[in-house]
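Some notes on the structure that comes next.
Residue numbering restarts at 1 for every chain, and letters A, B, ... go by the order of the sequence lines. Worth saying up front: this structure is predicted, and the values here are computed from it rather than measured.
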Amino acid sequence: MKKQNLKIENNKQELKKIYPFMDVFCKRNNVPSDVFNEVTLSIDELVTNIISYAFGDNEQHYIDIDVEVEGNLLCVILKDEGREFNPLTYPEVDIKKSLDEMKIGGLGIHIVRNLMDEIVYKRENNFNVLIIKKSFSKNEN
Amino acid sequence: MKINLEKKGDVSVAHITGKLDTNTALFYENEIFPLIDVQPEKNAAVQVSTALKLVLELQGMDYVSSAGLRVLIITAKKIKSKNGSLILSGMQKQIKNIFDISGLSTIFQIVPSLEEALSKI
């Protein structure tokens, strides 16, 4: 099973489904545990942002999470029908601040930028599409 | 996520296991913040047992997201405002990596073991 989909609602309780879904997928496809952790956290951060900011109403919406392993590359595509929302336009967080200066929040996308090899955002047919990629060595784990 | 609280002399130790994320951050706030926010004048008996010396024992914590980091930062700010001390112990490698990336390793005092935390606090 090299490809799998998880569809979740725009509700933060739904975030709980991501970890077990990725756990099963990564084990089946021999993805090393450190890569599993980093990609799962990245999906969590991005989907949290989508749920928080992409929908300006109280209606039910869906977010599609497609995961795929090809060779030694794990690729995740997140797709939602929310308003145009590109998290990559967030300004970089200054992590050299002291505790007093440190602002609460804004760390999510910073973490994703640092953990993933590649992040791409596109607006496609009224959908937000976010693609993240992480390569791994098959000898690890 | 589970939080088990214990007292070691005048130090409060919170053993945190599982995931600290969007869905568990509120539970963490409800368990930990009252320890710090307690008003000594309202309850003199609690004065010596407040969490102004707090160790978060994280050996069993296997996942933290930015929502979890947020409540840890608030914890540090609250304790600092009361001139207390906070040490994080037993952090797993993948959690330490997230702290490093987020610039939090220089803000928090992080030690390998609970014993070391208790001797330093």
Side-chain angles (χ1 to χ4, degrees), chain A residues 8-20 22-23 26 31-53 63 87 90 92-116 134 140-141, chain B residues 1-2 17-29 32-33 36 54 56 58 60-88 91-110:
Chain A
I8 66 168
E9 289 172 31
N10 58 326
N11 167 348
K12 286 186 179 171
Q13 287 294 320
E14 293 274 290
L15 293 166
K16 289 179 188 167
K17 294 179 179 174
I18 296 170
Y19 191 94
M22 287 301 291
D23 190 28
C26 288
V31 175
S33 60
D34 56 341
V35 174
F36 153 68
N37 274 310
E38 292 174 3
V39 173
T40 302
L41 175 58
S42 297
I43 297 171
D44 182 346
E45 297 293 353
L46 293 171
V47 174
T48 301
N49 267 334
I50 292 168
I51 292 172
S52 302
Y53 305 117
I63 298 146
Y90 278 17
E92 261 296 340
V93 175
D94 180 5
I95 61 161
K96 289 184 181 152
K97 297 206 164 179
S98 69
L99 179 61
D100 292 333
E101 298 168 319
M102 183 160 263
K103 287 187 183 139
I104 306 293
L107 280 174
I109 189 66
H110 171 82
I111 290 170
V112 179
R113 277 187 171 124
N114 279 274
L115 291 179
M116 295 297 100
K134 181 80 178 176
E140 285 175 31
N141 218 7
Chain B
M1 184 180 65
K2 277 187 188 166
T17 53
K19 297 176 178 52
L20 183 53
D21 60 14
T22 302
N23 281 301
T24 58
L26 185 62
F27 175 71
Y28 171 96
E29 288 184 18
I32 302 295
F33 289 179
I36 309 164
L54 176 65
L56 299 179
L58 307 179
M61 190 168 93
D62 57 7
Y63 186 88
V64 68
S65 72
S66 62
L69 297 179
R70 175 182 171 276
V71 292
L72 293 174
I73 293 169
I74 296 172
T75 305
K77 287 190 181 221
K78 279 177 178 288
I79 287 185
K80 194 182 174 197
S81 75
K82 299 210 167 190
N83 295 316
S85 38
L86 171 69
I87 298 183
L88 311 187
M91 195 181 279
Q92 293 184 22
K93 196 183 100 191
Q94 74 267 25
I95 307 290
K96 178 67 167 56
N97 184 34
I98 303 304
F99 270 67
D100 289 345
I101 285 172
S102 308
L104 300 182
S105 297
T106 53
I107 283 176
F108 286 90
Q109 190 176 357
I110 299 168

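- Checked by atom type and distance alone, the side chain of B:Lys77 pairs as donor or acceptor with a backbone atom of A:Met102 at under 3.5 Å.
- For residues 40-51 of chain A, the interface with chain B (any heavy-atom pair closer than 4.5 Å) comprises A:Thr40, A:Leu41, A:Asp44, A:Glu45, A:Thr48, sorted by residue number.
- Heavy-atom pairs under 4.5 Å with chain A were tallied for B:Leu69, B:Ile107, B:Asn23; the largest tally goes to B:Asn23.
- Contact count against chain B (heavy-atom pairs under 4.5 Å) is highest for A:His110 among A:Lys97, A:Arg113, A:His110.
- Neither the backbone nor the side chain of B:Phe108 comes within less than 4.5 Å of any heavy atom in chain A.
- Neither the backbone nor the side chain of A:Lys96 comes within less than 4.5 Å of any heavy atom of chain B.
- To the nearest 0.5 Å, atom NZ of residue A:Lys16 and atom OG1 of residue B:Thr24 are 9.0 Å apart.
- Of the atoms belonging to B:Val71, not a single heavy atom falls under 4.5 Å from chain A.
- Residue A:Glu38 touches chain B through its side chain alone, counting heavy-atom pairs closer than 4.5 Å.
- Between B:Lys80 and A:Asp100, the closest heavy-atom pair is NZ-OD2, 2.9 Å.
- Other residues, nucleotides and ligands place no more than 12 heavy atoms under 6.0 Å from the OH atom of A:Tyr53.
- The contact between B:Ser65 and chain A is made by backbone and side chain atoms together, counting heavy-atom distances below 4.5 Å.
- Against chain A, the residues from residues 91-99 of chain B that qualify, each with a non-hydrogen atom under 4.5 angstrom away, are B:Gln94, B:Asn97, B:Ile98 in number order.
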